[in-house]
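Written out below as structure tokens is the structure these notes cover.
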There are 2 protein chains.
Amino acid sequence: MRRDIFQAIADPKRRAIIALIALQSMTPNAIAENFKTSRQSISKHLRILTECELVNQEQQGREIYYSLKIEKMKEIDEWLEQYRKIWETRFDQLDEVLLTIKNKKK
Amino acid sequence: MRRDIFQAIADPKRRAIIALIALQSMTPNAIAENFKTSRQSISKHLRILTECELVNQEQQGREIYYSLKIEKMKEIDEWLEQYRKIWETRFDQLDEVLLTIKNKKK
DNA sequence: AATTTGCGAAACTGAATAGTTGCATATATA
DNA sequence: TATATATGCAACTATTCAGTTTCGCAAATT
């Protein structure tokens, strides 16, 4: 099953889960309490996030704590980089245009 | 139909289309030539990208030129910002640890 | 030892979706 | 005016996927 990080963050619920476990580890039950859905559906999302290597699992007794693998999020940042270059260039160009207009006024 | 930019970039083919039209406007036919798929399937993807306000259309005679709305990509960057803060903080902390080790060696 | 609790996994259902085929429309060209 | 070209759109199919239900296992509690 071809699944990557972009598919992982495509689902709004998964993005919400990511936000929840970004700063603290949480069990599936604790995560599910934040939604209207069942624990099993959260479990499924966690499985997908695990497949994409977006989360860490830590077993403690019969509980499993999930937390965000923040490094993995950098992959999105890296992909975005090529476009960031474009919009920053365009902004610079706009800046230049504004500067030219300003100078003409003088 | 609930569709947002995260769903738009979830599909690898759509990311490829985005990359293609990021720097130059292209017609659906010209885009389709870069893939093994049909023109219609590209048209469908372009429709989705249009719905998500990720592309501009410019009609020229019977041709329609599509280009990337680069500003829209910033939305991803803004969403990523909260996580960037986290990984930068962690990096600083690591930096601090390394510094401490360094100082101890002296 | 029996029961409860936390969890994952399989089977099922309904909805969404990617791709194809076929068609309609508008513009260009002969 | 007849034909070719560029495109969008609707109908159909096969696949994917989110959520539920049910089950089984292992750890905690009684």
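- With B:Ile17 as the fixed residue, the side-chain contact (heavy atoms from CB on, under 4.5 Å) test singles out one of B:Leu49, B:Leu68, B:Val55: B:Leu49.
- For A:Glu63, the listed nucleotide lying nearest its side chain is C:dG6; candidates were D:dT20, C:dG6, C:dT17.
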Audit row: B:Asp4, A:Arg15, salt bridge (Lys or Arg N to Asp or Glu O under 4.0 Å) steps and yes/no: CA-CA 13 Å; B:Asp4 59 27; A:Arg15 286 201 301 281; 3.1 Å; yes
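- Taking 4.0 angstrom as the limit, A:His45 places a side-chain polar atom (N or O) nearer than this to OP1 or OP2 of D:dG19.
- In this structure, the CD atom of B:Glu58 is 14 Å from the P atom of D:dG8, given to the nearest Å.
- Within the 4.5 Å cutoff, the side chain of A:Ile31 has heavy atoms near those of the A:Leu46 side chain.
- Atom CD1 of B:Ile31 and atom C1' of D:dT7 are 12 Å apart (whole Å).
- In this structure, the side chains of B:Glu75 and B:Met73 stay at 4.5 Å or more apart for every pair of heavy atoms.
- The shortest side-chain heavy-atom distance between B:Thr27 and B:Ile64 does not fall under the 4.5 Å cut-off.
- In terms of phosphate contacts, B:Thr37 brings a side-chain nitrogen or oxygen within less than 4.0 Å of OP1 or OP2 of C:dT20.
- Candidate nucleotides D:dC17, C:dT20, D:dT7 were compared by shortest atom distance to the side chain of B:Tyr66, and D:dT7 ranks first.
- Taking only side-chain nitrogens and oxygens, B:Thr27 comes nearer than 4.0 Å to OP1 or OP2 of D:dT7.
- The side-chain heavy atoms of B:Ile5 and B:Glu53, taken from C-beta on, include no pair separated by under 4.5 Å.
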Please tabulate, one pair per line, each protein N/O and nucleotide N/O from nucleotides 22-24 of chain C that are separated by under 3.5 Å, including the distance.
unit_1: C:dG22; atom_1: O6; unit_2: B:Gln40; atom_2: NE2; d: 3.1

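- Pairs passing the ring-ring contact (aromatic ring centres under 6.0 Å, His included) check and including a residue from residues 42-81 of chain A, sequence neighbours excluded, read A:Phe6-A:Trp79, A:Trp79-A:Tyr83.
- If you find the closest nucleotide of DNA chain C to B:Gln59 and to B:Lys13, the one lying nearer the 5' end belongs to B:Lys13.
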Each nucleotide N or O in nucleotides 1-5 of chain D that has a protein N or O under 3.5 Å away: list the pair and distance.
unit_1: D:dT5; atom_1: O2; unit_2: B:Arg62; atom_2: NH1; d: 3.1

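- Looking at heavy atoms from C-beta onward, A:Met26 lies in side-chain contact with A:Asn34 at the 4.5 angstrom threshold.
- Summarising the geometry, the separation between CD1 on A:Ile64 and P on D:dC25 is reported as 16 Å, rounded to the nearest angstrom.
- When heavy atoms are screened at a 4.0 angstrom cut-off, A:Ile48 is found touching the sugar-phosphate backbone but no base atom.
- When rounded to the nearest whole Å, the span between CD of B:Gln7 and C1' of D:dT16 equals 13 Å.
- When the nucleotides D:dG8, C:dG19, C:dA9 are ranked by their closest atom to the side chain of A:Arg47, C:dA9 comes out on top.
- With rounding to whole Å, B:Gln57 atom CD is found 11 Å from D:dT7 atom P.
- When heavy atoms are screened at a 4.0 angstrom cut-off, A:Lys44 is found touching base atoms of the nucleic acid.
- Looking at B:Arg39 and B:Ser43, their side chains come closer than 4.5 Å, going by heavy atoms from C-beta outward.
- Atoms CZ (B:Phe6) and P (D:dC17) sit 19 Å apart, rounded to a whole Å.
- A:Leu46 has its CG atom 13 Å from the C1' atom of C:dG6, to the nearest Å.
- By the 4.5 Å heavy-atom criterion applied to side chains, A:Trp87 and B:Glu71 are not counted as neighbours.
- The distance from atom CG of A:Leu49 to atom P of C:dG8 is 12 Å, rounded to the nearest whole Å.
- In this structure, A:Gln60 does not reach the D:dA27 phosphate: none of its side-chain N or O atoms is under 4.0 Å from OP1 or OP2.
- Distances shorter than 4.0 Å separate none of the side-chain N or O atoms of B:Ser43 from OP1 or OP2 on D:dT7.
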